[in-house]
Amino acid sequence: MTDASLGTPAQLRDPNFTPALSKAVPLGIQHVLAMFVSNVTPAIIVAGAAGFGFGSDAGAQGFPDMTYLIQMSMLFAGIATLFQTIGMGPVGARLPIVQGTSFAFLPIMIPLVAGKGVEALPALFGGVLVGGLFHVLLGTFIGRIRFALPPLVTGLVVTMIGLALVKVGIQYAAGGVPAINSPEYGSLLNWSAALVVIVATLGLKFFARGMLSVSAVVIGIGVGYLYALAMGMVTFEGIATSWNRAAAVALPVPFAYGFEFSFAAIVGFCLMAFVSAVETVGDVSGITKGGAGREATDAEITGATYADGLGSAVAGVFGGFPNTSFSQNVGLIAMTGVMSRHVVTVGALFLILCGLVPKVGAVIRTIPIEVLGGGVIVMFGMVVAAGISMLSDVNWNRRNMVIFAISLSIGLGLQLDPKAVQYLPDTLRVLMTSGLLPAALIAIVLNLVLPEQLSDEATEEVSGGLSGHGSGSLENRV
């Protein structure tokens, strides 16, 4: 897939190489297309969960708060990416790492804001700030804590993230949470829009090549948007109204919603910072192996973790969400064979430009929720699949089966029935009902304290006659 006209093989493996501008600009925009939908989706989901997104009374004013959150998602994804590609002292890997709003924090953010409107945002952004600063601190010893997060733990956590979010995709495809009690919820029209997106996305992903395949989700949503226009689910008049209401240019506002420190938010964001840090380590290693054929250095891993945390902390000050490295862009680097960090810098500048122009967010907010639901079903399903892929590296002996079983049972059970802990104090209730944090903590603790081997007899009585025999691809990893 590599274009020889971009440079010599040695140049293409060099992060400091700068292709001609005529090549760098389209390559940079490719990176933005690969992550664009994933980057703005968390803002839309948080706004909807809080009650000022799709289907809320805020619609009469054109969803101004949701537009601002979308704008900040683009702006600070670009700024955090610059931290990685350009760097500042020890901050930044100075590699072609694309940063974006992390899905991993959604199971924490949704319970924090559920039904509380914009009044929930001060505590949310206080958690983003403190969690980001804690993430920076992790950079100083990230290499020494990786032992506590083997594939058994990280795979479980990523799987739990996906399982916590798949319900959101189904609800969006059916018409959105505010429409649950209406006759239109789950209608054939709603589902047809979501299915058009899913079919278009799968068709491009499996039968197209190059950027058509990499950008399958964003193109699929575009196809769904055209279908929604044809079916009257969105109108040109509505698009024009949304466009005209938005300002041409707007700067971010520090503490736009105020600021508040909530123990539940701080604990949740700090604990999830561990997972995000490990994910970034994996992405940095993937970039250096796939693009340059070498292992990542300690300085690169540390700098990338610093940039992760700093980008998240700064975003929290202005109303943005936690940022992390985007794995889909790692695959794009392997596909194009271009390791230049300056190409990604071009993409970051494009994101910053979009973030300063609210009209971009105004167009995004006109996407029918059912269309977005089709894309979200694909994206969150892929999160579950990514977690299962990580779990394939686990040696599935009896010990690890017990750890996984207990962690998954408690975590998923609390997600399915949050009222089971309704009498806990508010802080603990929010943390427990995410399901994610209890599962992660149980898995980490059990992995550290349980003996390396459990006899068959120790687990046979609780397995109901079912036993796993898979050994994974890394027999001695755990």
Side-chain angles (χ1 to χ4, degrees), residues 13-18 24 28 31 35 72-102 125 128-146 251-252 254-255 269-270 272-289 291-292 294-318 320-326 329-330 333 338-353 355-356:
R13 290 193 299 270
D14 182 5
N16 298 313
F17 171 65
T18 305
H31 276 285
M35 56 78 75
M72 293 304 99
S73 295
M74 293 184 289
L75 177 63
F76 286 99
I79 290 173
T81 301
L82 291 183
F83 288 162
Q84 291 284 20
T85 61
I86 296 177
M88 300 182 301
V91 177
R94 292 168 177 81
L95 291 171
I97 299 172
V98 177
Q99 298 284 115
T101 310
S102 175
F125 293 128
V128 175
L129 172 61
V130 176
L133 295 176
F134 179 74
H135 199 145
V136 173
L137 179 64
L138 289 178
T140 60
F141 55 88
I142 183 63
R144 283 172 282 176
I145 64 170
R146 290 181 68 186
L251 297 176
F255 309 112
F269 282 103
C270 287
M272 284 311 303
F274 279 101
V275 179
S276 181
V278 172
E279 179 186 2
T280 297
V281 170
D283 288 342
V284 172
S285 300
I287 286 173
T288 56
K289 287 179 182 177
R294 63 173 177 82
E295 295 291 334
T297 67
D298 290 343
E300 288 170 338
I301 289 175
T302 300
T305 308
Y306 285 154
D308 247 17
L310 181 62
S312 297
V314 173
V317 172
F318 291 93
F321 298 127
N323 275 270
T324 191
S325 58
F326 263 33
N329 294 88
V330 176
I333 289 169
V338 179
M339 183 72 172
S340 171
R341 60 190 172 111
H342 302 303
V343 162
V344 173
T345 297
V346 171
L349 295 175
F350 183 74
L351 277 170
I352 291 171
L353 178 63
L356 295 175

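These values consider heavy atoms only, across backbone and side chains, with no hydrogens, waters or symmetry-generated copies.
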Asker: Looking only at heavy atoms, what is the nearest atom pair of Ala273 and Gly131, with distance?
Answerer: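 Scanning both residues completely, I find the closest heavy atoms to be CB-O, 4.1 Å.
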Asker: Applying ring pair (Phe, Tyr, Trp, His ring centres under 6.0 Å) to Phe125 and Phe321, what does each step give before you reach the verdict?
Answerer: CA-CA 8 Å; Phe125 293 128; Phe321 298 127; 5.8 Å; yes
Asker: Work out which heavy atom in Val128 is nearest to a heavy atom in Ser312; give both atom names and the distance.
Answerer: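 Closest heavy-atom pair between Val128 and Ser312: CG1-O, 3.3 Å.
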Asker: Answer yes or no: is there a donor N or O on one side and an acceptor on the other, between the side chain of Thr140 and the main chain of Leu137, under 3.5 Å?
Answerer: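 Here the side-chain-to-backbone pair exists.
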Asker: What is the distance from atom CD1 of Ile352 to atom CD1 of Ile79, rounded to the nearest 0.5 Å?
Answerer: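 Ile352 atom CD1 to Ile79 atom CD1 measures 5.0 Å (nearest 0.5 Å).
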Asker: Which heavy-atom pair separates Thr288 from Ala296 by the least distance, and what is that distance?
Answerer: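 Smallest interatomic distance, heavy atoms only, reads OG1-N, 3.2 Å.
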Asker: Calculate, to the nearest 0.5 Å, the distance between atoms OG1 and NE2 belonging to Thr81 and His31 respectively.
Answerer: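 Between atom OG1 of Thr81 and atom NE2 of His31 there are 10.5 Å.
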Asker: Atom OG1 of Thr101 and atom CZ of Phe326: how far apart are they, to the nearest 0.5 Å?
Answerer: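 The OG1 atom of Thr101 sits 6.0 Å away from the CZ atom of Phe326.
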Asker: Measure from the side-chain N and O atoms of Thr85 to the backbone N and O of Pro96, and report whether any donor-acceptor pair falls under 3.5 Å.
Answerer: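 It does not hold such a pair.
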Asker: Under 4.5 Å between any side-chain heavy atoms of Val130 and Phe269, yes or no?
Answerer: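 SC-SC contact between Val130 and Phe269 ruled out.
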Asker: Kindly indicate, with the supporting measurements, whether the criterion side chain to side chain contact (heavy atoms under 4.5 Å, CB included) is fulfilled by Phe17 and Met339.
Answerer: CA-CA 8 Å; Phe17 171 65; Met339 183 72 172; over 6 Å; no
Asker: What's the shortest heavy-atom distance between Val136 and Gly309, and which atoms?
Answerer: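 Taking Val136 first and Gly309 second, the nearest heavy atoms are CG2-C, 3.5 Å.
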Asker: Taking the side chain as C-beta and beyond, is there a heavy-atom pair between Met88 and Leu310 under 4.5 Å?
Answerer: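 The answer is yes, as the side chains (C-beta and beyond) meet within the 4.5 Å cut-off.
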Asker: Quick one: pull up CG in Leu133 and CG in Leu138 and give me the separation to the nearest 0.5 Å.
Answerer: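 Atom-to-atom, Leu133:CG and Leu138:CG are 11.0 Å apart.
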Asker: If you compare all heavy atoms of Ala77 against all heavy atoms of Gly100, which two are closest, and at what distance to 0.1 Å?
Answerer: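 Distance-wise, the nearest heavy atoms are CB-CA, 4.0 Å.
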Asker: Please work out which of the three classes, parallel, tilted or perpendicular, describes the rings of Phe274 and Phe134, given edges at 30° and 60°.
Answerer: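 Rings of Phe134 and Phe274: perpendicular, as their planes differ by over 60°.
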Asker: Mind listing the closest non-hydrogen atom pair of Ala307 and Phe83 along with its distance?
Answerer: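 In this case the closest contact between Ala307 and Phe83 is CB-CB, 4.0 Å.
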Asker: Would you check if Met72 and Pro252 make a side-chain contact, meaning some heavy-atom pair closer than 4.5 Å?
Answerer: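 Yes; the side chains approach each other to less than 4.5 Å.
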Asker: Can you confirm whether more than 12 heavy atoms, excluding those of Asn16, are under 6.0 Å from its CG atom?
Answerer: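 Yes.
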Asker: Rounded to the nearest 0.5 Å, how far apart are CG of Leu251 and CZ of Phe318?
Answerer: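 Going from CG on Leu251 over to CZ on Phe318, the span is 10.0 Å.
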Asker: Rounded to the nearest 0.5 Å, what separates atom CD in Gln99 from atom CG in Asp283?
Answerer: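 Answer for the CD-CG pair, Gln99 versus Asp283, is 9.0 Å.
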Asker: Any heavy-atom pair between the side chains of Arg341 and Leu95 that's under 4.5 Å?
Answerer: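 They are not in side-chain contact.
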Asker: Please determine whether side-chain hydrogen bond (donor to acceptor under 3.5 Å, both in side chains) holds for the pair Ser276 and Thr324, giving the CA-CA distance in whole Å, both sets of side-chain angles, and the decisive distance to 0.1 Å.
Answerer: CA-CA 6 Å; Ser276 181; Thr324 191; 3.0 Å; yes
Asker: Taking Ser325 as the fixed residue, which of Thr305, Val98, Ile97 is the one that meets the side chain to side chain contact (heavy atoms under 4.5 Å, CB included) rule?
Answerer: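 Among Thr305, Val98, Ile97, the one that satisfies the side chain to side chain contact (heavy atoms under 4.5 Å, CB included) with Ser325 is Ile97.
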Asker: Just one of Val344, Val91, Asp308 clears the side chain to side chain contact (heavy atoms under 4.5 Å, CB included) bar with Gln84, so which one?
Answerer: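 Testing each of Val344, Val91, Asp308 against Gln84, the sole residue satisfying side chain to side chain contact (heavy atoms under 4.5 Å, CB included) is Asp308.
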